[in-house]
Amino acid sequence: MPLVVPALRLFMVFMNVYDTYKSLKIPPGRKGGPPSIKAMTQRKRDLKGCLAVWVVWCCLAAYERTFDRFISFIVPFYSEIKSVMLLFLLLTRAKGAEPLYLHILRPLIKPYVDTLDPLLDLARDIGDFLFALSQVSL
């Protein structure tokens, strides 16, 4: 079972990248014209689904890095439960990730948005400064 989870995780990343690539392409219009409103609405729905999948995936990856070893000692059949969860996310794609995002993750994150946004902007600015500093030759 230890090989199944990394294989599922890798397959899920490639599926997420492929779905995001397909969603980011602007739909073709009829006879070289602009795309229809229906096609653009469907594209917007697909992009929201892709974003939900990526947010759930990143939260799952952060959870695994911090709590995975501790929880695996406590919960029996943890690897199997995690495999079923990954299969659920793979098979349902955005339809499975959107409810997880809307009903679990968003209520947890929403109270801290006003605090996190300035901190993340500061971290980005520091990173940009350090990158620019590393490009200067002495």
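Computed from heavy atoms alone, side chains included, the values below leave out hydrogens, waters and symmetry copies.
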**Q.** Shortest non-hydrogen contact between Pro111 and Pro107, atoms and distance
**A.** CD-O, 3.3 Å
Q.
Go through it in stages, so that I can follow the logic: the residues are Lys44 and Leu47, the test is side-chain contact (heavy atoms from CB on, under 4.5 Å), and I'd like the CA-CA distance, side-chain angles, deciding distance and then a yes or no.
A. CA-CA 5 Å; Lys44 184 178 176 181; Leu47 285 173; 5.7 Å; no
Q. In terms of hydrophobic clusters joined by side-chain contacts under 4.5 Å, are Met85 and Ile74 together?
A. yes
Q: Could you walk me through whether Asn16 and Cys50 pass the side-chain contact (heavy atoms from CB on, under 4.5 Å) test, one step at a time?
A: CA-CA 7 Å; Asn16 288 346; Cys50 284; over 6 Å; no
Q: Heavy atoms only: give me the nearest Glu98-Gly49 pair and the separation to one decimal.
A: OE2-CA, 3.5 Å
(Q) Between Lys48 and Leu51, is there a side-chain heavy-atom distance shorter than 4.5 Å? (A) no
**Q.** Separation of Lys82 NZ from Leu60 CG (nearest 0.5 Å)
**A.** 7.5 Å
Q: For residues Pro35 and Ile26, report the shortest heavy-atom separation together with the two atoms involved.
A: CG-CG2, 3.9 Å
Q.
Just checking Phe11: does its CZ atom have more than 12 heavy atoms from other residues, nucleotides or ligands closer to it than 6.0 angstrom?
A. no
Q: Could you grab the distance from atom CD of Glu80 to atom CG of Leu87, nearest 0.5 Å is fine?
A: 12.0 Å
Q.
Salt bridge or not between Arg9 and Glu64? Use side-chain N to carboxylate O under 4.0 Å.
A. yes
(Q) Suppose we screen for salt bridge (charged side-chain N to carboxylate O under 4.0 Å, His left out). Which residues come up paired with Asp114, at least two apart in sequence or across chains? (A) none
Q | Within-4.5 Å side-chain heavy-atom neighbours: Tyr63 and Ile71 | A | yes
Q: Examine distances only and state if a side-chain atom of Ser36 and a backbone atom of Ala39 form a donor-acceptor pair shorter than 3.5 Å.
A: yes
Q: Look at Arg43 together with Asp46 and state whether they make a salt bridge at an N to O cut-off of under 4.0 Å.
A: no
Q | Separation between CH2 of Trp54 and SG of Cys59, rounded to the nearest 0.5 Å | A | 13.0 Å
Q: Determine, step by step, whether Leu100 and Leu89 satisfy the side-chain contact (heavy atoms from CB on, under 4.5 Å) criterion, reporting the C-alpha distance in whole Å, the side-chain angles of both residues, the deciding distance to 0.1 Å, and the verdict.
A: CA-CA 10 Å; Leu100 288 174; Leu89 288 173; 3.8 Å; yes
**Q.** Leu133 CG to Ile126 CD1 distance, which is reported to the nearest 0.5 Å
**A.** 12.5 Å
Q. Considering only heavy atoms from C-beta outward, does the side chain of Asp68 approach that of Tyr78 to under 4.5 Å?
A. yes
Q) Has Leu122 got more than 12 heavy atoms of other residues, nucleotides or ligands less than 6.0 Å from its CG? A) yes
Q: Following the transitive rule for hydrophobic clusters with a side-chain heavy-atom cut-off under 4.5 Å over Ile, Leu, Val, Met, Phe, Trp and Tyr, establish whether Ile104 and Tyr112 coincide in one cluster.
A: no
Q | Nearest-0.5 Å distance that lies between atom OG1 in Thr20 and atom CE in Met15 | A | 10.5 Å
Q: Determine, using the 4.5 Å side-chain heavy-atom cutoff (strictly less than), whether Leu108 and Leu102 are members of one ILVMFWY cluster.
A: yes
Q: Walk me through it: do Val55 and Leu105 pass the test side-chain contact (heavy atoms from CB on, under 4.5 Å)?
A: CA-CA 9 Å; Val55 168; Leu105 293 175; 4.2 Å; yes
Q) Does Leu86 share a hydrophobic cluster with Phe77, counting links as ILVMFWY side-chain heavy atoms below 4.5 Å and allowing steps through other members? A) no
Q | Atom pair CZ/OG of Arg45 and Ser23 - distance to nearest 0.5 Å | A | 12.0 Å
Q: Report whether Leu8 and Phe14 are members of the same hydrophobic cluster (ILVMFWY, side-chain heavy atoms less than 4.5 Å apart, transitive linking).
A: no
